[in-house]
Amino acid sequence: MKTVYNTATSLDGFIADQDNSLEWLFSVEGGEPGSESGDALSETEDFVNGAGAIVMGATTYEWILEHEGGKPWPYRAPTWVLTHRELPRVEGDLRFASADTDQELRDLHADMVKAADGRDVWVVGGGRLAADLARLGLLDEVVVSIAPVSLGGGAPLLDGRVRLRALDARLLGPFACLRYEVVRD
């Protein structure tokens, strides 16, 4: 079991544009299923389907809701959404929480690990959450698919200092797919 931040980023290191949108990612040529990068999409889908727990911030949650159009939650694993606001709910195993202190984040992570029952915990985003988990020694890996596009600004891949050790690098269609181990200080 690992806690893994698995995401896509622009070449200049942003996971969402200035409007908190991911539309830029879906417009990358060659990113559709059936293309050479379909292997990357399939690999990501296998990871997502095997995750035992999911955690994300409110902005990511709201973007997913907006683009799912009122459908039930698209993931089977229990999902924690970190927020201080009341957010709309859809059908699915959703758990809203806040983690304002390091101890609250540690406790929340312990709950996610327990719920994951030996499977990986998927950190969807954002970059501050992933960096905070890394700082606390709770993040094991960063898996990132780098898209051939520059956004010039937006939500950073990692919003804080995180030391990484390269484990794997592959080119799948237009994406550079990288896997890193988080170096614990």
Side-chain angles (χ1 to χ4, degrees), residues 1-10 14-28 31-34 37-38 40-101 104-133 138-145 147 151 154-159 175:
M1 191 293 309
K2 295 180 278 192
T3 300
V4 181
Y5 180 35
N6 191 330
T7 192
T9 185
S10 63
F14 297 100
I15 58 175
D17 68 17
Q18 291 96 334
D19 297 322
N20 288 316
S21 176
L22 302 176
E23 291 302 324
W24 64 270
L25 179 60
F26 300 110
S27 66
V28 172
E32 62 278 345
S37 64
L41 297 172
S42 176
E43 190 173 299
T44 299
E45 187 175 291
D46 289 346
F47 172 80
V48 169
N49 289 335
I54 299 170
V55 62
M56 67 186 62
T59 302
T60 303
Y61 174 75
E62 289 176 310
W63 192 90
I64 292 170
L65 283 187
E66 180 182 329
H67 290 84
E68 286 295 312
K71 297 177 190 170
W73 189 239
Y75 305 111
R76 293 182 302 227
T79 302
W80 279 260
V81 179
L82 298 184
T83 186
H84 291 97
R85 301 178 280 135
E86 287 292 320
L87 296 172
R89 289 184 158 272
V90 293
E91 182 183 330
D93 190 350
L94 293 164
R95 305 165 189 206
F96 297 92
S98 61
D100 297 322
T101 68
E104 288 173 338
L105 188 53
R106 283 186 184 97
D107 292 344
L108 183 70
H109 183 262
D111 291 344
M112 291 184 290
V113 168
K114 184 176 179 182
D117 194 27
R119 294 176 290 156
D120 289 342
V121 174
W122 176 26
V123 181
V124 178
R128 167 58 49 198
L129 171 58
D132 284 346
L133 288 167
L138 302 173
L139 185 66
D140 300 300
E141 288 186 4
V142 174
V143 178
V144 60
S145 296
L151 298 178
L157 171 65
L158 287 162
D159 192 3
F175 295 92

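Heavy-atom basis, side chains included; hydrogens, waters and symmetry copies ignored.
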Identify each donor-acceptor pair in which a side-chain atom of residues 67-75 lies under 3.5 Å from a protein atom, sequence neighbours left out, and give them as a table.
| unit_1 | atom_1 | unit_2 | atom_2 | d |
| --- | --- | --- | --- | --- |
| H67 | ND1 | W63 | O | 2.9 |
| H67 | NE2 | E23 | OE2 | 2.9 |
| W73 | NE1 | T79 | OG1 | 3.0 |

Next item on the list: Taking side chain to side chain contact (heavy atoms under 4.5 Å, CB included) as the test, write out the residues that go with D111, two or more places apart.
Entry: W80
Next item on the list: Working to the nearest 0.5 Å, report the span between CG of L108 and CE of M112.
Entry: 4.5 Å
Check: In Å, rounded to the nearest 0.5 Å, how long is the span from CG of L158 to CG of L129?
Finding: 10.5 Å
Check: How many angstroms lie between atom CG of L82 and atom OG1 of T59, to the nearest 0.5 angstrom?
Finding: 11.0 Å
Checklist line | Sub-4.5 Å side-chain heavy-atom contact between N49 and R76 | finding: yes
Notebook entry, point to check: Is there a side-chain contact between L138 and T3, using heavy atoms and a 4.5 Å cut-off?
Noted result: no
Note to self: Main chain of K2, side chain of D120: is a donor-acceptor contact present, judged purely on distance under 3.5 Å?
What the structure shows: yes
Notebook entry, point to check: Looking only at atom types and distance, does a side-chain atom of S98 sit under 3.5 Å from a main-chain N or O of T83, one as donor and one as acceptor?
Noted result: no
Check: Between atom CG of N20 and atom CD of E66, what is the distance when rounded to the nearest 0.5 Å?
Finding: 10.5 Å
Check: Is a donor on one side and an acceptor on the other found under 3.5 Å between the side chain of Y5 and the backbone of L157?
Finding: yes
Margin query: Donor-acceptor check, side chain of W122 to backbone of V48, threshold 3.5 angstrom: yes or no?
Written below: no
Item checked: Full working for salt bridge (Lys or Arg N to Asp or Glu O under 4.0 Å) between R119 and D117 -> CA-CA 6 Å; R119 294 176 290 156; D117 194 27; 6.0 Å; no
